[in-house]
Engineer: 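Please see the structure below; I have some questions.
FYI, the numbering just counts along the sequence from 1.
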Amino acid sequence: MRSLWNGAISFGLVSIPVKLVNATENHSISFRQIHLADGGRIRYRKVCELDEEEVSGGEIGKAYEDADGTMIPITDEDLAQLPLPTAKTIEIVAFVPADRIDPLQMDAAYYLTANGVPAAKPYTLLREALKRSDRVAVAKYALRGRERLGMLRVVDDVIALHGLLWPDEIRAPQEAAPDGDITVRDAELDLADALMDTLGEVDMDSLHDDYREAVEELVAAKAAGEIVLPAEPEDTGDGKVIDLIAALENSVRAARRTRNGEGAGDGDGGMADVHPIKKTSPKTSGTARKTTHRTPTGKTVTRSGSSTSTAKKSAPKATGAKKSTSTTKKSAGNAGSRAAATKTAKKTATKTSTKTATKTSTKKRASASGGTTAKKTSPSRKRTSA
């Protein structure tokens, strides 16, 4: 990392040579101004108001504008002659508890690295002293021609320098408070506490810039010549709170669903989701489609292609189905005729056998009765002859 400033930390009579490097970086996407007519880049030029001529950087100096508009030139030599003991020194003035520093004063953040091997021992001494005391150091330092206020604290094994705003640079908060006397009920406070407990904590490392990712996707899509569909507008509710209790209850339910992984999309005031950009290709023709056709016999046929070809292919199958149906009906009729004939034959055979048996039994009875009569009539013949 490139150093922004070289100097030393003044720790009583101990001097610790250090380098100042940036602890943060800006990932915001920047845009250029262009001419809409031809896409040409728009640039700013520095022009003198008196002669309206463009001037270079070497011809530009500093000046203080007085209340009446008078410009008072100030040179770098004038500033260098001013007494500034912190020009090359981070001067520690006090050690205080960390909660004594108002977060409103926090400004830019830097890392301090030991400048050279001899600085390693005193650097480590100051770092361990800050760790054990559980305090931070308030210091003064000069950067970019200004004396600034700072705070030294330990981050892992590195001493970090946080720029602080001077106390008189912090505005009073009273003007930003709501007007009038507003009373909050205990039930509302209980619901607010429940919402806070439900939301719980968050892993700070998991937070990221969703808007920046959306802008990157937009740039990539337009660079590839893809069509970007507009995002669906979200219902913001126009900032109107109809029922505070109902809003808090819905928020608690939505937070519980989100925490349990069930989502919050049923209208109970769920949290908004970030959707990826929808991309469409200009060529959409020629896509194969699957159609399902049910034949008269009840069979389901699925084919790929257009619906017209499916209908044409399905027509012959329907005719074949009709033929098979008629054949089935004819077969059923023939089977019925054969069954009827068989039944009639059975009835005829039964009747014939019955008649034959009846005749046979009659003849037997007749023959039996004839023998008896002859035997009875013979004696009478004998008496007649006598």
Engineer: According to a 4.5 Å side-chain heavy-atom criterion applied to Ile, Leu, Val, Met, Phe, Trp and Tyr, with indirect links allowed, do V18 and I92 form part of one hydrophobic cluster?
Structural biologist: yes
Engineer: So do the side chains of M151 and M106 get within less than 4.5 Å of each other, counting heavy atoms only?
Structural biologist: yes
Engineer: Could you tell me which non-hydrogen atom of P122 sits nearest to which non-hydrogen atom of V14, and how far apart they are?
Structural biologist: CB-CG1, 4.0 Å
Engineer: I want to check something: taking the side chain as every heavy atom from C-beta on, are E53 and V47 in contact at a cut-off of under 4.5 Å?
Structural biologist: no
Engineer: So Q105 and L149, do their side chains get closer than 4.5 Å, heavy atoms only?
Structural biologist: yes
Engineer: Look at K131 together with D157 and state whether they make a salt bridge at an N to O cut-off of under 4.0 Å.
Structural biologist: yes
Engineer: If every non-hydrogen atom of N6 is compared with every non-hydrogen atom of K88, which pair is closest and at what distance?
Structural biologist: O-CD, 3.5 Å
Engineer: Using a strict threshold of under 4.0 Å (side-chain N to carboxylate O), is an ion pair present between D76 and K62?
Structural biologist: yes
Engineer: What I'd like to find out is whether the side chain of I101 reaches to under 4.5 Å of the side chain of V138, using heavy atoms alone.
Structural biologist: yes
Engineer: Are E65 and T70 close enough that some pair of their side-chain heavy atoms sits under 4.5 Å apart?
Structural biologist: no
Engineer: Tell me, do R153 and V155 make a side-chain contact under 4.5 Å, heavy atoms counted?
Structural biologist: yes
Engineer: Is the shortest side-chain heavy-atom distance between R32 and R41 below 4.5 Å?
Structural biologist: yes
Engineer: When hydrophobic residues are tied together by side-chain contacts of less than 4.5 Å, even through go-betweens, does W5 share a cluster with I9?
Structural biologist: yes
Engineer: Looking at every heavy atom in both I170 and L104, which two are closest together, and how far apart are they?
Structural biologist: CD1-O, 3.6 Å
Engineer: Within a radius of less than 6.0 Å around CG of L13, do more than 12 heavy atoms belonging to other residues, nucleotides or ligands occur?
Structural biologist: no
Engineer: Other residues, nucleotides and ligands only: do more than 12 of their heavy atoms fall within 6.0 Å of CD on E52?
Structural biologist: no
Engineer: Heavy-atom count check: over 12 atoms from other residues, nucleotides or ligands less than 6.0 Å from D51 CG?
Structural biologist: yes
Engineer: For the pair N250 (side chain) and A247 (backbone), establish whether a donor and an acceptor sit closer than 3.5 Å, ignoring hydrogens and angles.
Structural biologist: no
Engineer: Hey, quick one: are L164 and Y141 part of the same hydrophobic cluster, counting side-chain heavy atoms closer than 4.5 Å, chains of contacts allowed?
Structural biologist: no
Engineer: To check you understand the geometry: which heavy-atom pair defines the closest contact between S133 and L130, and what is its length?
Structural biologist: OG-O, 3.3 Å
Engineer: With the side chain counted from C-beta on, respond yes when E249 and R253 share a heavy-atom pair under 4.5 Å apart, and no when they do not.
Structural biologist: yes
Engineer: Is a side-chain donor or acceptor of E188 paired with a backbone partner of R185 at a separation under 3.5 angstrom?
Structural biologist: yes
Engineer: Is I90 reachable from F11 through a run of hydrophobic residues whose side-chain heavy atoms are each under 4.5 Å from the next?
Structural biologist: yes
Engineer: Short question: side chain of E169, backbone of W166 - any donor-acceptor pair under 3.5 Å?
Structural biologist: yes
Engineer: Which heavy-atom pair separates Y111 from N22 by the least distance, and what is that distance?
Structural biologist: CD1-O, 4.3 Å
Engineer: Is the count of non-hydrogen atoms from other residues, nucleotides or ligands lying under 6.0 Å from D168 atom CG greater than 12?
Structural biologist: yes
Engineer: Main chain of D68, side chain of D66: is a donor-acceptor contact present, judged purely on distance under 3.5 Å?
Structural biologist: no
Engineer: If I compare all heavy atoms of Y110 with all of L4, which pair ends up nearest, and what's the gap?
Structural biologist: CE2-CD1, 3.7 Å
Engineer: Run the numbers on E54 and K46 for side chain to side chain contact (heavy atoms under 4.5 Å, CB included), then give the verdict.
Structural biologist: CA-CA 6 Å; E54 184 179 354; K46 297 181 179 180; 5.6 Å; no
Engineer: Are V96 and V93 connected into the same hydrophobic cluster when the rule is that any two of I, L, V, M, F, W, Y join if their side-chain heavy atoms are below 4.5 Å apart?
Structural biologist: yes
Engineer: More than 12 heavy atoms of other residues, nucleotides or ligands under 6.0 Å from CG of D203: is that the case?
Structural biologist: yes
Engineer: What residues, two or more places apart in sequence or in another chain, satisfy salt bridge (Lys or Arg N to Asp or Glu O under 4.0 Å) together with R212?
Structural biologist: E216
